[in-house]
Amino acid sequence: MKNGIKRIISIFVCCMMFFGMCSVCAQAASITPIIYVGDIGNNVLYSYPNAANPSPVFPPAEDELEERVMQIVGGILYTTVVGDSNQGTSWMNQGINGLLRDMICNEFGESQNGVGVNKHRYPLSNYTSQSDVMTDLIMALGKAENSVGLAHMYLFTYDWRLDPLENAASLQEFIKEVKVRENARKVSLLCAGNGGVIGNAYLYRYADTARDNVASCVFLNTPLLGHSLVGDVMTGNLTATADKNGGIFDMYKDITAVERANALVRYVNDDPYGVFVSLFEDVLGETESSNQFVKALVWLINSAFGGQDVWKELAKAYNDYLESDGEKIYGETLRNFMRYAPGMWALVPQEDFDAAWGFLFPEDDASDKLTKKVNDFRAVSAATQQTLQNAKANGVYVSVVSGYNLQILPAGSTINEHSDCMILTKSASAGASAVKHGSQDVLQQANADGHNHRSPDHQIDASTAALPESTWFVRNLPNLRYESETAADFVMWLLTTGHQRTVWEDPDYSQYMSYSASKDSISPIGNENLKYFLGDANVDFHVNVADARTALRIAVGYWQDETEWGMRLADVNSDGAVTVADAREILRFCVGLGRFENYKP
């Protein structure tokens, strides 16, 4: 009897252990690992990367990078200010050659001189001490709500100079490796920045089988329709010219000196990467005071010291250089780097492609192999919207995230378009429409699908994007700055899903969200959240130094874009007119020396 009871107990214990092990195995198998396909910064190029101590080629070591940048910037300043184009050009070419000479591909679009990337085959938890792997964004994602943890996250590295379709094939093999390592049915892809080019190529090349390997695919601030600045450089359009009367305009684009000066001021005010604020942090500390001080300084220079005239004089001096020696900017090193890198061609917008090809191959003498690579990806780029739609229809949970309301680097021809400071909103969203950045125009929804896809500030229309129901926009958040807790939680919410996410399912993640720098967080915005604030002269739903500058320009008759709302909000003393006194009161408010009675923060 006792032996029978023992047997029953033993069998019961064994069953409990068996089912417990099954439960653990099932739980492990239920985790969908994440593969991070990162931006260029996540893909450091090394000379012979498999060597014991490989040396970085791009970006180079910090001391060398600083030297090269100083040569380029110093050459530009020396040429425009001093007027010595020979010395200035010499310094610029030294910097450009030092940065690019070891990165030039051969005429077939292949790497040479042993340059490549390190491969990271193991989970990211194995690389926590490696700064070239563990970015702030990756670490934030590892801690985010519902995160699978770094133990189930991987980094796919690729040589961004090479053919994206070849990189997509490598990604396919890496996905298979991760599935075996994790005993997983599928993986999730987070394609950030330039990584979206590879993700797009992957969904295009493996359209029929992607659903068998990929559960969800998130495109985060990616140039899905090309990179406007790359298009400007590769068409030779990153130049300016002046007429004899001093009117400044781009060679191929009708952009005046005043427009570009305004864009430069907006860029410094946005200061997306904290470059300008950091110059004052040693004195003022890492506080909002540093940010407001920079904005006040820019306002003072532009308004009191004739910033527009200063810009015009510099542009005219630069133009003199372009007329005499401008071709030297596009020396053989820069030309060869651009013309032989398929990955650079993949960033050229469709509308710039023919001009870029004619500029870099005026004799149309590219090798057949390179020509095929470039043309093959041009077909990928042209089909982007259809590729995303097909992937979603076939069962891949595709989500797209774009930024808006930040000034793009004011060096090219798209200075008046919405961006995340790096990628145009239209490109990152795969086709959303937008009014001119900084304008008070109102955009109407183009496609009536029964849903409202227009932003509450009437600046963006998502109905023209590839995936209107699954495309999100974050206002005022710089490119790939998703390391805050709320931003990382949002990205992980998109990735760890068992169904197709939409902009309607969670009120915390509405189609349009906004980033608060002071709170370092994102939050949903709707018509009820965007209030008109007294002092908001440029009607961007924030009161800052830019509004003081706008009010002053209205007061002196210089501002031509005022709206009825802007005029009302600029009149902070309610005397029926916008005067210098209003501008002064707005500025005092911004630096903490005053407050409007009915201001609602």
Side-chain angles (χ1 to χ4, degrees), residues 32-40 42-43 109 117 119-121 153-182 184-227 342-347 372-401 423 427-430 466-467 470-471 491 494-495 497 500:
T32 301
I34 295 172
I35 296 178
Y36 183 71
V37 188
D39 200 20
I40 289 175
N42 293 106
N43 295 277
V117 295
K119 298 295 184 181
H120 305 294
R121 301 294 185 187
M153 293 174 60
Y154 295 79
L155 176 64
F156 172 71
T157 53
Y158 60 95
D159 190 331
W160 46 269
R161 304 169 302 158
L162 305 185
D163 182 4
L165 286 166
E166 293 178 1
N167 283 326
S170 298
L171 175 58
Q172 172 77 331
E173 294 305 311
F174 189 64
I175 289 173
K176 293 178 180 179
E177 288 182 29
V178 171
K179 286 173 60 178
V180 171
R181 180 180 295 277
E182 293 274 339
R185 292 181 56 249
K186 298 182 180 182
V187 304
S188 291
L189 297 179
L190 174 56
C191 304
N194 197 74
V197 176
I198 311 304
N200 187 25
Y202 175 83
L203 293 180
Y204 178 91
R205 180 166 183 168
Y206 300 100
D208 295 332
T209 58
R211 64 177 177 272
D212 299 327
N213 296 301
V214 178
S216 62
C217 182
V218 176
F219 291 91
L220 186 66
N221 293 163
T222 66
L224 286 167
L225 301 183
H227 199 308
M344 294 299 294
W345 284 105
L347 294 174
K372 185 178 187 308
K373 291 179 180 180
V374 172
N375 285 335
D376 283 351
F377 191 82
R378 189 180 185 187
V380 175
S381 180
T384 294
Q385 287 197 327
Q386 192 64 52
T387 297
L388 300 184
Q389 293 165 356
N390 289 344
K392 180 180 177 181
N394 288 337
V396 179
Y397 307 139
V398 183
S399 301
V400 179
V401 183
I423 309 297
S427 179
S429 62
L467 304 174
S470 300
T471 300
V491 175
L494 293 174
L495 284 166
T497 176
Q500 175 64 55

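Residue numbers run from 1 in the order of the sequence given.
Looking at residues two or more places apart in sequence or on another chain, you find no ring pair (Phe, Tyr, Trp, His ring centres under 6.0 Å) involving Tyr154. By the side-chain contact (heavy atoms from CB on, under 4.5 Å) test, Thr157 is found to be paired with Asn43, Val117, Lys119, His120, Leu155, residues two or more places apart in sequence or in another chain being considered. Residues passing the side-chain hydrogen bond (donor to acceptor under 3.5 Å, both in side chains) test with Asn42, sequence neighbours excluded: none. The side-chain hydrogen bond (donor to acceptor under 3.5 Å, both in side chains) check on Asn390 picks up Gln386, with sequence neighbours excluded. For the salt bridge (Lys or Arg N to Asp or Glu O under 4.0 Å) test, no residue two or more places apart in sequence or in another chain qualifies with Lys179. For Gln500, the side-chain contact (heavy atoms from CB on, under 4.5 Å) partners at least two apart in sequence or on another chain are Lys392, Tyr397, Ser399, Ser470. Shown here are the side-chain hydrogen bond (donor to acceptor under 3.5 Å, both in side chains) partners of Arg121, two or more places apart in sequence or in another chain: Glu177. Applying the ring pair (Phe, Tyr, Trp, His ring centres under 6.0 Å) criterion to Trp345, with sequence neighbours excluded, gives Phe353, Trp357. With sequence neighbours excluded, the residues satisfying side-chain hydrogen bond (donor to acceptor under 3.5 Å, both in side chains) with Ser216 are Ser188.
Interatomic distance, CD1 of Ile35 versus CE of Met153, reported as 11.0 Å (0.5 Å rounding).
Contact check for Asn213 versus Val187: no side-chain heavy atoms found under the 4.5 Å cut-off. Side-chain atoms of Thr222 and Asn194, non-hydrogen and from C-beta on, never get closer than 4.5 Å to each other.
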Name every donor-acceptor pair, under 3.5 Å, that has one atom in a side chain of residues 201-211 and the other anywhere in the protein, sequence neighbours excluded.
residue : atom : partner : partner atom : Å
Tyr202  : OH   : Gln172  : OE1          : 2.8
Arg205  : NH1  : Leu165  : O            : 2.8
Arg211  : NH1  : Asp208  : O            : 3.4

Validation: residues 376-383 side-chain donor-acceptor distances under 3.5 Å, sequence neighbours left out:
residue : atom : partner : partner atom : Å
Asp376  : OD2  : Lys372  : NZ           : 2.7
Arg378  : NH1  : Asp354  : OD1          : 3.2
Ser381  : OG   : Gln350  : NE2          : 3.4

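Pairs of residues two or more places apart, or lying in two chains, that qualify as salt bridge (charged side-chain N to carboxylate O under 4.0 Å, His left out) and include a residue from residues 155-169 are Asp159-Arg161, Glu166-Lys373.
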